[in-house]
Amino acid sequence: MSEKASISINGKSHELPVITGTENEQAIDISKLRDVTGAVTLDPGFKNTGATQSAITFLDGEKGVLHYRGYPIEQLAEQSTFLEVAYLLIYGDLPAPDTLTDFRAKISRHTLIHEDMKKFFDGFPSKSHPMGQLSCLVGALSAFYPESLDPNPSEEEENLTIMKLLAKMPTIVSWIYKKSLGHPVIYPRNELNYVHNFMNMTFGQITEDTKIDPAVVRAMHKLLILHADHEQNCSASTVRIVGSSNANLYASISAGISALWGPLHGGANQAVIEMLENIRKDGGNSAKWIAKAKDKKDPFRLMGFGHRVYKNFDPRAKIIKQACDDVLEKLGIDDPVLDIAKELEEAALKDQYFVDRKLYPNVDFYSGIIYRALGFPTDMFTVLFALGRLPGWIAQWKEMKANKEPIGRPRQIYTGSTRRDYIPLDKR
Ligand code: SDX
């Protein structure tokens, strides 16, 4: 017998169906609530509201568990590659060897961007933020591929658009970086694998393939895998709701990039490094900054700490922290902000304020330290988050379309003026 929930309002009781997922999570299905009660729910920030039923990513915030299509993030980060994880998220299963080879080959055919796209790059002020450029450039892809605007594409057409976006994103990201330096761009070299090709376009020389340290390429795979999806976070929800209006994939992903930019979301990885640098310049007194983070009168927050869902360690933060140590040791880098980060973590995890609120380091706390060690400037960190998150956003968009979900349009409770008559200007 399926579980029911009872609600009584205005002296009447109603039963609502309860949905149970494959990991035994439960939801009260309120899709008919307004029809039967006349009332809607209110949940600012959707802290208690499920927007969809999804088979892509499972996370248990209390236990610090994260699975992509059932596979533990720890195993994928250690054993998989970014393009294999992209396939898994988008198509639902680990690809057979020949399927993965075919997937790689298809993507390598689309790594170039239209030469006219360069005019967009030339139009940006030299110090404009890379996230603003990325959102604009990804949205602009729809101008070069008008067929992608078809709201009802065939499976083949939808997959072609997905391939194009996956293939072109590394090129766009690396060219944003090169343009910021005033360097000539480096064109993709399709004999290199996806991540190596990206690293070569970013850090390579014009003439030959720079010998990118394999440890650096492996670390980049791990970072991109760890960022690849995270169920209904702010930017994924943005991609789904924009796509629900039948907007094309490029426009939906462009909106997701803008949502990720915020320092409360993906922009936190840039904010963490800026915070750690400020603390270092201020003398490295972690106790002082922990006190500021707890002071409600002080706007300072410990960036990279806390999470809407994780009330335990973010499993990604644990992996990235270890990778931090490994990469900095391998590259012989001694970054003073890593010691400050570890001191802050140690102090916060023993402090009642953080313990009571279950605030732990999240994915953004250590990631910037690795990105910096790999040679990326701070304002590129969130762009790298977007590069990793792209397959997750695509998977979420594809699932929303396949489920034929209705256009997203939340309700509200009106609290403004009740009806009143217009007062002509000369009478006010
Ligand atoms: C990402 O959702 C996802 O999955 C996102 C993400 C993904 O992969 O897509 O995981 C990526 O966005 C990670 C989060 C990156 N953001 C930051 O690191 C910014 C710093 N963190 C906070 O701003 C905050 O923790 C949020 C935004 C992440 C979560 O905010 P919530 O869930 O709305 O919680 P809240 O702001 O209501 O905080 C609850 C309490 C409050 O104190 P009280 O009012 O109860 O006294 O905890 C306090 C907050 O003031 N608090 C913090 C804090 N985070 C929360 N206090 C100090 N420092 C912090 N970082």
Side-chain angles (χ1 to χ4, degrees), residues 111-144 164-165 167-189 195 197-210 212 216 220 223-224 227 235 250-251 253-278 280-281 303 333 335 337 364 367-390:
T111 51
L112 282 173
I113 55 177
H114 195 294
E115 283 293 303
D116 286 355
M117 285 274 291
K118 285 184 169 177
K119 296 188 180 91
F120 292 100
F121 284 91
D122 295 340
F124 293 117
S126 60
K127 293 297 170 213
S128 53
H129 197 286
M131 282 296 276
Q133 295 185 48
L134 183 64
S135 176
C136 170
L137 290 160
V138 168
L141 286 171
S142 58
F144 294 89
K164 283 177 179 174
L165 186 48
K168 297 176 194 304
M169 190 80 148
T171 307
I172 292 173
V173 168
S174 62
W175 286 19
I176 288 173
Y177 172 63
K178 282 298 195 188
K179 285 286 184 181
S180 75
L181 300 176
H183 289 184
V185 297
I186 295 177
Y187 282 79
R189 292 184 44 187
V195 172
N197 196 13
F198 166 66
M199 299 298 275
N200 187 58
M201 287 190 284
T202 305
F203 298 117
Q205 304 305 321
I206 303 301
T207 51
E208 80 288 336
D209 164 19
T210 313
I212 307 273
V216 166
M220 205 61 216
L223 283 165
L224 294 173
H227 285 84
S235 53
Y250 299 123
I253 300 298
S254 172
I257 292 166
S258 297
L260 187 73
W261 193 357
L264 292 184
H265 190 14
N269 58 16
Q270 172 176 344
V272 166
I273 287 294
E274 291 165 348
M275 170 188 77
L276 294 173
E277 280 294 356
N278 287 339
R280 186 177 64 83
K281 285 178 196 139
M303 301 310 279
I333 295 173
D335 189 340
V337 298
D364 294 310
S367 55
I369 297 169
I370 296 191
Y371 289 143
R372 185 153 83 165
L374 299 181
F376 293 101
T378 305
D379 66 0
M380 283 293 290
F381 291 175
T382 312
V383 168
L384 295 170
F385 192 144
L387 181 62
R389 185 52 55 91
L390 179 62

For Tyr250, ring-ring contact (aromatic ring centres under 6.0 Å, His included) partners two or more places apart: none
Given side chains that start at C-beta, do those of [X] and [Y] come closer than 4.5 Å, heavy atoms only?
| X | Y | value |
| --- | --- | --- |
| Ile172 | Met117 | yes |
| Pro184 | Lys178 | no |
| Val185 | Ser174 | no |
| Val337 | Arg372 | yes |
| Asn197 | Tyr187 | no |

Go through Phe385 and Tyr371 one step at a time and tell me if the ring pair (Phe, Tyr, Trp, His ring centres under 6.0 Å) criterion holds. CA-CA 10 Å; Phe385 192 144; Tyr371 289 143; 8.7 Å; no
Using the side-chain contact (heavy atoms from CB on, under 4.5 Å) rule, take Asp379 and Lys127 through it: C-alpha gap first, then chi angles, then the decisive distance, then the call. CA-CA 10 Å; Asp379 66 0; Lys127 293 297 170 213; over 6 Å; no
For [Y], does its backbone N or O pair with a side-chain atom of [X] as donor and acceptor, under 3.5 Å?
| X | Y | value |
| --- | --- | --- |
| Trp175 | Ile186 | yes |
| Asn269 | Phe381 | yes |
| His227 | Leu387 | no |
| Thr378 | Gln270 | no |

Atom of [X], atom of [Y] and distance for their closest heavy-atom approach:
| X | Y | result |
| --- | --- | --- |
| Met131 | Ile257 | CE-O, 3.2 Å |
| Gly139 | Ser142 | O-OG, 2.7 Å |
| Met169 | Ala386 | CE-O, 3.9 Å |
| Ser235 | Gly256 | CB-O, 3.4 Å |
| Ile176 | Pro130 | CG2-CB, 3.7 Å |

Could you check Glu277 against Arg280 for side-chain contact (heavy atoms from CB on, under 4.5 Å), going step by step and ending with a plain yes or no? CA-CA 5 Å; Glu277 280 294 356; Arg280 186 177 64 83; 2.8 Å; yes
Is it the case that the ring center of Phe198 lies less than 6.0 angstrom away from the ring center of Phe203? no
Can we say Lys179 and Asp122 salt-bridge, meaning some charged N sits less than 4.0 Å from an Asp/Glu carboxylate O? yes
Let me confirm one number: the [atom1]-[atom2] distance from [X] to [Y], rounded to the nearest 0.5 Å.
| X | Y | atom1 | atom2 | answer |
| --- | --- | --- | --- | --- |
| Ser126 | Leu181 | OG | CG | 11.5 Å |
| Asp364 | Thr382 | CG | OG1 | 7.5 Å |
| Leu141 | Ile253 | CG | CD1 | 11.0 Å |
| Leu137 | Lys168 | CG | NZ | 13.0 Å |
| Tyr177 | His183 | OH | NE2 | 7.0 Å |
| Phe121 | Gln133 | CZ | CD | 7.5 Å |

Audit row: Leu224, Arg389, side-chain contact (heavy atoms from CB on, under 4.5 Å) steps and yes/no: CA-CA 7 Å; Leu224 294 173; Arg389 185 52 55 91; over 6 Å; no
Taking atom types as modelled, find out whether Thr111 and Thr171 have a side-chain donor-acceptor pair closer than 3.5 angstrom. no
